[in-house]
Amino acid sequence: GNNIIVKDLADKIGVSPSQIISKLIGLGVMVNQNQSIDSDMAVIVAEEFGVELTIQETVEESVESIEEKFSLDYEDDPKDLKARAPIVTVMGHVDHGKTSLLDAIKETSVTKSEAGGITQHIGAYAVNINNKKICFLDTPGHEAFTSMRARGAQITDIAILVVAADDGVMPQTIEAINHAKAANVPIIVAINKMDKPTANVDRIKQELVENGLVPEDWGGETITVPVSAKNREGIEDILEMILLVAEIQELKANPNRNAVGTIIEAQLDKGKGPLATVLVQKGTLQVGDMVVSGSSFGRVRAMLDDKGKRVKKAGPSTPVVILGLSEVPNAGELLYAVDDEKTARIIGEKNKEIIRAEQMRSDQKISLDDLFERI
Ligand code: GTP
Ligand code: MG
């Protein structure tokens, strides 16, 4: 929570520390001048001296330091870092076979259960290959989902760019290439639908070159793997390439700290309340943890893994669905575990104000634009 050191409080009020200490003793609190007391107690003591203490400043300070610690850029002590699984995002043009490729990898069938066969959300799955874990994110290729693809590129360690061998490089293929490049993420190209009679690998490679990806066998650095998601061909080759690229990256995270992750998708369930798929990136998320994500906060009541099984803990590079948030968080938002409910509430409420202020600003902008239009 928010604490203040007795000596600092004395300075603020303009009395000696011993005067504060004796007041505290009267209130049943035994501390020396170098110890800290709760901010609520500080307000009470200040009142005794006729001073109205505003704790706003210390609140802001602690929120900022917490937020810094939970930003993804925060560097944990190198000695605390442990190897973690790669997070791989499957990107590409609509219908080129992203979900089918993932299915082939999982040997299950999500495609069939999807409405209209179009991926509506980023799905997140963990798979085990030769005792090595890989976390996959599926993104939709539909043009309406640009922000999801952008987000996928930010979260990811490796991008799998799926290009249908009978169709070639298309607008969302190029967009995916740009996102991955902007995020400095290595790209592995899966040339899919090789079973089709019209499949033309050389044409695809030529188009890749035109977009700045020169295949390895053409003297460049881009790994390309011909596959058929339908016939389950080339799947082992692509997995091998993923593990190879991941090994070079030496991915690490500190599993022994409060969890930090990203909301992959979220929705309101009639019976269960807000549900959020979280990809844990640092630390370990546990049932019972107090978490915040934007203006949403709450205690994790239950956690399910990607197969719908209840779990108690989720370490780095693990996707989980969590129950217990106060409202549906925004996809793409950071989620982090904090020490207590008070902190979660303060951060949640501060974020709510920021979001509201931003909305007001953007409303204003729209009305100004309207005005100019009319002029
Ligand atoms: P969006 O999520 O909507 O962007 O599509 P997607 O890229 O996930 O494609 P999806 O896996 O849903 O596949 C689109 C269509 O291509 C489906 O009808 C698949 O059966 C078909 N398809 C996928 N992979 C292959 C393949 O290797 N060969 C053939 N012949 N068809 C494939
Ligand atoms: Mg799909």
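Atoms within each ligand, like the ligands themselves, are counted from 1 in listed order.
- Ligand 1 has no N or O atom lying under 3.5 Å from any N or O atom of Asp138, backbone or side chain.
- None of Ile155, Thr277, Val90 except one satisfies the side-chain contact (heavy atoms from CB on, under 4.5 Å) rule with Leu137; the exception is Ile155.
- Geometrically, ligand 1 and Ser100 share a nitrogen or oxygen pair separated by less than 3.5 Å.
- The shortest N or O to N or O distance between Lys230 and ligand 1 is below 3.5 Å.
- The proximity of His96 to ligand 1, defined as any non-hydrogen pair under 4.0 Å, is limited to the backbone.
- Counting non-hydrogen atoms of other residues, nucleotides and ligands closer than 6.0 Å to NZ of Lys181 gives a total above 12.
- Judged by distance alone, with hydrogens and angles left aside, the side-chain atoms of Asp340 form a donor-acceptor pair with the main-chain N or O of Lys342 at under 3.5 Å.
- More than 12 non-hydrogen atoms from other residues, nucleotides or ligands lie less than 6.0 angstrom from CD of Glu210.
- For the side chain to side chain donor-acceptor pair (under 3.5 Å) with Arg84, the lone residue among Thr318, Asn254, Asp157 that qualifies is Asp157.
- Interface of Asp195 with ligand 1, defined as ligand atoms under 4.0 Å from a residue heavy atom, comprises 26 (C), 27 (O), 28 (N), 29 (C), 30 (N).
- Counting heavy atoms under 4.0 Å from ligand 1, residue Thr99 touches it through both backbone and side chain.
- For Asp237 (side chain) and Val225 (main-chain N/O), no donor-acceptor pair under 3.5 Å exists by modelled atom type.
- Of all the atoms in ligand 1, the ones that sit under 4.0 Å from a non-hydrogen atom of Lys196 are 30 (N).
- A salt bridge does not link Lys196 to Asp167: none of the charged side-chain nitrogens sits closer than 4.0 Å to a carboxylate oxygen.
- Of the N or O atoms in Gly97, one or more lie within a sub-3.5 Å distance of an N or O in ligand 1.
- Both the backbone and the side chain of Asp95 come within contact range of ligand 1, each with a heavy atom under 4.0 Å.
- The nearest N, O or S atom of Ser100 is not closer to the Mg ion (ligand 2) than 2.8 Å.
- The shortest heavy-atom distance from Ser228 to ligand 1 is under 4.0 Å.
- Between Asp80 and Arg257, none of the side-chain N atoms (NZ, or NE/NH1/NH2) sits under 4.0 Å from a carboxylate O, so this pair counts as no salt bridge.
- Between Leu101 and ligand 1, no N or O atom pair is found at a separation short of 3.5 Å.
- Shown here is Gln206, whose CD atom has more than 12 heavy atoms of other residues, nucleotides or ligands within 6.0 Å.
- Comparing Lys98, Arg232, Lys193 against atom 25 (C) of ligand 1, the shortest heavy-atom distance belongs to Lys193.
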